[in-house]
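Worksheet: one structure, shown below.
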2 protein chains.
Amino acid sequence: MSDTRPYIRSEQRQSDTVEAVIRLCGERDPATLSTAAIAEAINLSQGALFKHFPNKKTLWESVARWVAQQLTGRIAATADGHSSPLAGLRAMFLAHVDFIVRHPGAPRLMLGELQKPDQSAARTVIMNAMTIYRGRIGQLLETAMAAGEVRADLDTDAAAVLYLGAIQGLAVQALVSGDMATAAQAAPRVLDIFLAGIREPQS
Amino acid sequence: MSDTRPYIRSEQRQSDTVEAVIRLCGERDPATLSTAAIAEAINLSQGALFKHFPNKKTLWESVARWVAQQLTGRIAATADGHSSPLAGLRAMFLAHVDFIVRHPGAPRLMLGELQKPDQSAARTVIMNAMTIYRGRIGQLLETAMAAGEVRADLDTDAAAVLYLGAIQGLAVQALVSGDMATAAQAAPRVLDIFLAGIREPQS
DNA sequence: CAAAAGAAAGTAATTGATTGCTTTCTAGTG
DNA sequence: CACTAGAAAGCAATCAATTACTTTCTTTTG
């Protein structure tokens, strides 16, 4: 059979591993993911995995870095190029939910990492990404306030918490039901309530 | 020393264990909690723990049951006896956050359990509690709508998701910063934005 | 009402399974 | 030929659970 395809470049193996871990996190508890299970997912022996990662902690760090980059990169960038800051905030919200729907393992991975109280590398990566992401939200809210799109007396910090909470609420809700489709369908409706909470109540 | 207190009733040991696990979950990852660590926390040998619990899974089920009871019992009850349904919703929110602040292990435990995709007993207990709790929120929103306290066109299901998300957002935020005090301080401010999002926008 | 009997609660040691990681050796690749 | 990628086996550590046995509390009975 030609399906035996050994001797794949280490770089490729690394990205394949990250992709596999994200996928596996969508199916089972990240905390119970063994190196054997990860290796099996990419058709590799358990020991050979350590030819591409010095240890498991570094592997997780790579995975965390991928998630962090999606968050602070592609997703945060969807806020750009809109007619108004609030429209950007809306687009970013929906892009974030869309990302979660297509990668259910991502939020599970993040929640799992945040459980660890020690200052592991992967946890730091996730935390930094969240800080940057939060900053982006706050920035959008501030400019929206300056543009008169939101209440002048709005507590932007609290609004950022609620914004993130809305996404986390949808993610957890999907985690409970095991159904991602309903979360995606509920997303714009939840977003509308949030926007109603921060908008100028005039007219 | 008289601190040696052997031969304690199994009932007492069980409740002591549940209490200890909740406390330990506030300090470390629930997934890494070994039976040895739990036993040590209540001054017991690892093997003796199985005199009071048939296995670890049942132990977790007991802990989950305690959290579920707090949620659907004491916390949900704080909504009663208020001048208006919205005032009840507000009180319940703050009581919930207060509970999380005093028991940081509770949300971590719940998030940890929800990670497990298999239908474990502990997971079912948590899921049922959340369903009941969600129902209580929906009920309060409906009566508030009937009383004209919230918009008549409000999507109550989406509002319930956002309500829970707000709490989860605060919990995760506290998990990241490691500081519960700031979450408690931010709670009423987040709540105000949520309430602004569902309230009748008149006057 | 004491003493024997038994149930309940405890310890220390051990079990088998699983974990992350290392070692040894083999086989393809540039 | 040197180097990288891989399999296969083995390593020490850790885990939940069980074992064999001891100690304390409770209950029955002569």
Side-chain angles (χ1 to χ4, degrees), chain A residues 1-21 24-25 28-64 109 112-113 115-116 118 120-123, chain B residues 1-21 24-25 28-64 109 112-113 115-116 118 120-123:
Chain A
M1 303 294 284
S2 61
D3 73 326
T4 66
R5 36 185 189 123
Y7 293 91
I8 294 173
R9 284 277 179 279
S10 204
E11 255 188 23
Q12 183 64 38
R13 281 290 195 203
Q14 284 169 14
S15 61
D16 285 353
T17 303
V18 169
E19 190 187 9
V21 168
L24 286 170
C25 283
R28 65 160 97 173
D29 186 0
T32 70
L33 253 192
S34 64
T35 54
I38 297 169
E40 193 189 7
I42 56 171
N43 248 354
L44 200 66
S45 70
Q46 187 260 347
L49 201 62
F50 291 92
K51 285 276 153 76
H52 312 291
F53 295 95
N55 49 46
K56 198 188 185 184
K57 208 183 285 187
T58 328
L59 191 159
W60 276 107
E61 192 184 337
S62 296
V63 179
L109 189 142
E113 282 304 320
Q115 293 276 29
K116 305 178 190 169
D118 62 322
S120 74
R123 193 182 194 273
Chain B
M1 301 300 282
S2 61
D3 74 324
T4 66
R5 38 185 189 122
Y7 294 94
I8 293 174
R9 282 273 181 281
S10 202
E11 258 187 21
Q12 183 65 39
R13 280 292 195 202
Q14 284 169 16
S15 60
D16 285 354
T17 302
V18 169
E19 191 186 10
V21 168
L24 286 170
C25 283
R28 64 160 100 175
D29 186 0
T32 70
L33 254 191
S34 66
T35 55
I38 296 169
E40 192 189 9
I42 57 170
N43 247 353
L44 200 67
S45 69
Q46 185 257 343
L49 201 64
F50 292 89
K51 287 280 155 76
H52 312 291
F53 296 95
N55 48 48
K56 199 188 184 184
K57 207 182 284 187
T58 326
L59 192 158
W60 276 108
E61 190 185 339
S62 296
V63 179
L109 189 142
E113 283 303 322
Q115 294 275 31
K116 306 177 188 170
D118 62 321
S120 75
R123 193 182 194 273

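Letters go in sequence order (proteins before strands), and every chain restarts at 1.
- For the pair A:His52 and D:dG6, the criterion of a side-chain N or O lying under 4.0 Å from OP1 or OP2 is met.
- If you measure from atom CD of B:Gln46 to atom C1' of C:dT14, you get 11 Å, rounded to the nearest angstrom.
- Within 4.0 Å of B:Lys56, counting heavy atoms only, lie sugar-phosphate atoms of the nucleic acid but no base atom.
- One atom, CG of A:Leu44, and another, P of D:dA5, lie 11 Å apart when rounded to the nearest Å.
- Ranked by how close their nearest DNA chain C nucleotide is to the 5' end, A:Phe50 and B:Lys51 are led by B:Lys51.
- A:Phe50 meets the side chain to side chain contact (heavy atoms under 4.5 Å, CB included) test with A:Thr35, A:Gln46; sequence neighbours excluded.
- One can place CH2 of A:Trp60 at 13 Å from P of C:dC21, the figure rounded to the nearest angstrom.
- Side-chain contact between A:Thr32 and A:Asp29: present, with at least one pair of heavy atoms (C-beta onward) separated by less than 4.5 Å.
- Here the shortest heavy-atom pairing between A:Ile8 and A:His52 reads O-CE1, 4.5 Å.
- In this structure, A:Glu40 atom CD and C:dT18 atom P are separated by 13 Å, rounded to whole Å.
- Near DNA chain C, meaning a heavy atom under 4.0 Å from it, residues 30-38 of chain B has no residue at all.
- Under the 3.5 Å distance criterion, with hydrogens and angles disregarded, a donor-acceptor pair is assigned to the side chains of A:Thr58 and A:Asn55.
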Checklist outcome for this item: The contact string for nucleotides 3-8 of chain C, one letter per nucleotide 5' to 3', using protein heavy atoms under 4.0 Å with B, S and - for base, sugar-phosphate only and none, comes out as ------
